[in-house]
Amino acid sequence: MAMGLWNHTFLSSFILRGLLSHSSYDFFLFSLVLLAFAAALTGNILLLLLIQGDRRLHTPMYFFLSQLSIMDLTMVCAVVPKMAANFLSGHKFISWAGCAAQIFLVVMVGGAECFLLAVMAYDRYVAICHPLRYSVLMSWKTCYLLAVASWIGGVADSVIDVGTVFSFPYCGSLEVDHFFCEVPALLRLSCADTSLFEDLIYACCVVMLLLPLGVIVASYARVLTAVIRMPSTEGKQKALTTCSSHLAVVGLYYSGAIFSYMQRASARTPARDRATSIFYTILTPMLNPLIYSLRNREVTRALRKMLGRWRV
């Protein structure tokens with residue numbers, strides 16, 4: 001019987017119920033999702049090209065911003081293409097390998113982005129509070145190590161999650177009430193007791209979200225103190241503009257992440273999970289490049305320069 005359960009679990013595919021509910025507004029909502037996806041792709045790829053092509057943007061701050069764009073591209077590409085293919089084809093199946101890949105990529109990017117946002121806050125703290133030592137404290141070697149450490153943290157978290165989720169037996173319905181494979185949605189389908197693992201996920205999310213958030217708050221508390229003491233109005237405005245863009249990105253990310261993952265399993269519902277997942281898998285990757293490009297003179301200058309070259 002155990003062998004039969006094993007075969008049933010690993011030879012079947014999951015069924016994604018999807019984001020849309022077969023209403024008359026489905027095509028309109030699907031079009032909005034595709035527009036958001038296209039905007040996320042265009043904005044993040046364009047930002048990467050600008051950072052790569054303009055030497056004035058070859059600084060630690062923009063290096064970390066390029067890593068954020070890569071994470072946003074990974075997140076949105078892990079979720080939306082499969083959702084769109086299922087909607088257009090009418091088939092809602094996703095293989096076990098595809099499901100594991102989605103969980104791995106989403107969890108990896110989610111964890112890595114937590115650490116990267118803390119690194120970006122520390123970078124602004126050093127730039128504003130210790131400008132004379134900035135080139136030493138934020139050398140390129142240090143920047144590469146911090147970026148790699150952020151990615152490694154996300155990978156470690158995702159490997160543990162994928163390994164544990166697929167160690168549970170799934171002997172009942174394999175219909176996932178979601179538009180992609182998310183850990184809480186899959187755990188609802190398991191016929192084993194997953195309460196201990198759900199408690200561990202909750203504790204892990206508290207640590208991975210709140211520790212970086214503590215670094216961010218501490219860094220910007222020091223930055224705000226330093227900005228208030230600046231004699232130059234222009235210096236204050238430049239510092240606040242740069243920091244406000246980062247704080248807006250932090251607010252976007254953490255509002256979705258905390259609402260998604262810092263809830264007990266008993267408080268979660270499929271509809272609420274879908275709504276918050278749209279926020280951090282589609283909307284945040286779309287808005288991040290807009291926030292940095294619209295509020296940053298150096299980025300807009302590089303964009304005008306690129307457009308000028310294309311016209312010629």
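Values in this document were obtained by computation on a predicted structure and should not be read as measured data.
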Task: Ser95 side chain vs Gly98 backbone, donor-acceptor pair below 3.5 Å - done: yes
Task: Met138 versus Tyr122, closest heavy-atom pair with distance - done: SD-CE2, 3.7 Å
Open item on the list: Strictly distance-based, threshold 3.5 Å: is any side-chain N or O of Tyr134 a donor or acceptor partner for the main-chain N or O of Arg124?
Closed with: no
- [ ] Measure from the side-chain N and O atoms of His58 to the backbone N and O of Ile51, and report whether any donor-acceptor pair falls under 3.5 Å.
- [x] yes
Open item on the list: Could you check whether any side-chain heavy atom of Leu73 comes within less than 4.5 Å of a side-chain heavy atom of Leu48, counting everything from C-beta outward?
Closed with: yes
Open item on the list: Taking Leu252 as the starting point, is it possible to reach Val250 by hopping between hydrophobic residues whose side chains are less than 4.5 Å apart?
Closed with: yes
Open item on the list: Once you measure the plane-to-plane angle for Phe197 and Phe168, does it fall in the parallel (<30°), tilted (30-60°) or perpendicular (>60°) bin?
Closed with: tilted
Open item on the list: To the nearest 0.5 Å, what is the distance between CG on Asp177 and CG on Leu189?
Closed with: 9.0 Å
TODO: Evaluate the criterion side-chain contact (heavy atoms from CB on, under 4.5 Å) for residue pair Ile201 and Thr164; output intermediate values, then yes/no.
DONE: CA-CA 11 Å; Ile201 290 178; Thr164 308; over 6 Å; no
Task: Qualifying residue for side chain to side chain contact (heavy atoms under 4.5 Å, CB included) with Val79, from Val106, Val33, Ile278 - done: Val106
- [ ] Would you mind reporting whether Lys305 and Arg56 have side-chain heavy atoms less than 4.5 Å apart?
- [x] yes
Open item on the list: I'd like to know if the side chain of Gln102 reaches the main chain of Ala78, judged simply by a donor and an acceptor atom lying under 3.5 Å from each other, with no hydrogens or angles considered.
Closed with: yes
Open item on the list: Does either side chain, that of His246 or that of Tyr292, offer a donor lying less than 3.5 Å from an acceptor on the other one?
Closed with: no
Open item on the list: Nearest 0.5 angstrom please: Leu16 CG to Phe87 CZ, how far?
Closed with: 14.5 Å
Open item on the list: Testing the basics here: between Gly111 and Met208, what is the closest heavy-atom pair and its distance to 0.1 Å?
Closed with: CA-CE, 3.5 Å
Open item on the list: Nearest 0.5 angstrom please: Leu290 CG to Ser245 OG, how far?
Closed with: 11.5 Å
Task: Heavy-atom side-chain proximity of Val176 to Leu186 below 4.5 angstrom - done: yes
Task: Gap between atom CG of Asp157 and atom CE of Met108 - 0.5 Å precision - done: 11.0 Å
Open item on the list: Assigning hydrophobic clusters by single linkage (Ile, Leu, Val, Met, Phe, Trp, Tyr; side-chain heavy-atom cutoff under 4.5 Å), is Ile152 placed with Leu116?
Closed with: no
Open item on the list: Using the rule given for side-chain contact (heavy atoms from CB on, under 4.5 Å), can you reason through Ser31 versus Phe28, listing the C-alpha separation, both sets of side-chain angles and the distance that settles it, and then say yes or no?
Closed with: CA-CA 5 Å; Ser31 300; Phe28 174 71; 5.5 Å; no
TODO: Take Tyr202 and Asp199 through the test side-chain contact (heavy atoms from CB on, under 4.5 Å) and record every step on the way to the result.
DONE: CA-CA 5 Å; Tyr202 178 79; Asp199 289 340; 5.5 Å; no
Open item on the list: Would you say Met286 ends up clustered with Phe180 if hydrophobic residues are merged whenever their side chains have heavy atoms under 4.5 Å apart, either directly or through other cluster members?
Closed with: yes
Task: From Leu65 atom CG to Asn288 atom CG, the distance as rounded to the nearest 0.5 Å - done: 8.5 Å
TODO: Examine Leu145 and Met71 and state if one hydrophobic cluster contains both, with Ile, Leu, Val, Met, Phe, Trp and Tyr joined whenever side-chain heavy atoms are less than 4.5 Å apart.
DONE: no
Task: Side chain proximity check, Leu146 to Asp123, heavy atoms < 4.5 angstrom - done: no
Task: Validation row, ring centre His130 to ring centre Tyr125 under 6.0 Å - done: yes
Open item on the list: Quick one, Phe37 and Ile282 - any side-chain contact, counting heavy atoms below 4.5 Å?
Closed with: no
Open item on the list: Please give me the minimum heavy-atom distance between Phe93 and Lys82, naming the atom from each residue.
Closed with: O-NZ, 3.0 Å
Task: Arg222 CZ: over 12 foreign heavy atoms closer than 6.0 Å - done: no
Open item on the list: If you define the side chain from C-beta out and look only at heavy atoms, does anything of Thr284 sit under 4.5 Å from Phe279?
Closed with: yes
Task: Shortest non-hydrogen separation from Ala302 to Asp54 and the atoms involved - done: CB-OD2, 3.3 Å
Open item on the list: Check whether Tyr254 reaches the backbone of Leu209 with its side chain - one donor and one acceptor, N or O, closer than 3.5 Å.
Closed with: yes
TODO: Using modelled atom types only, decide if a donor and an acceptor are shared between the side chain of Ser190 and the backbone of Pro169 within a distance under 3.5 Å.
DONE: yes
TODO: To the nearest 0.5 Å, tell me how far Leu224 CG sits from Ser219 OG.
DONE: 12.5 Å
Open item on the list: Is there a side-chain contact between Tyr62 and Leu50 in this structure, where contact means two heavy atoms from C-beta onward sitting under 4.5 Å apart?
Closed with: no
Open item on the list: Can you tell me how the ring of Tyr170 sits relative to the ring of Phe166, calling it parallel under 30°, perpendicular over 60° and tilted otherwise?
Closed with: tilted
Open item on the list: Can you confirm whether Gln67 sits close enough to Ser150 that some side-chain heavy atom of one is under 4.5 Å from a side-chain heavy atom of the other?
Closed with: no
- [ ] Count the heavy atoms belonging to other residues, nucleotides or ligands that lie under 6.0 Å from CD of Glu175, then report whether that count exceeds 12.
- [x] yes
Open item on the list: On a heavy-atom basis, which atom in Arg274 and which in Phe179 lie closest, and how many Å separate them?
Closed with: O-CE2, 3.6 Å
Open item on the list: According to a hydrophobic-cluster definition based on side-chain heavy atoms being under 4.5 Å apart (Ile, Leu, Val, Met, Phe, Trp, Tyr only), do Val215 and Val126 belong together?
Closed with: no
Task: Considering all heavy atoms, the nearest Leu41-Cys77 contact - done: CD2-SG, 3.7 Å
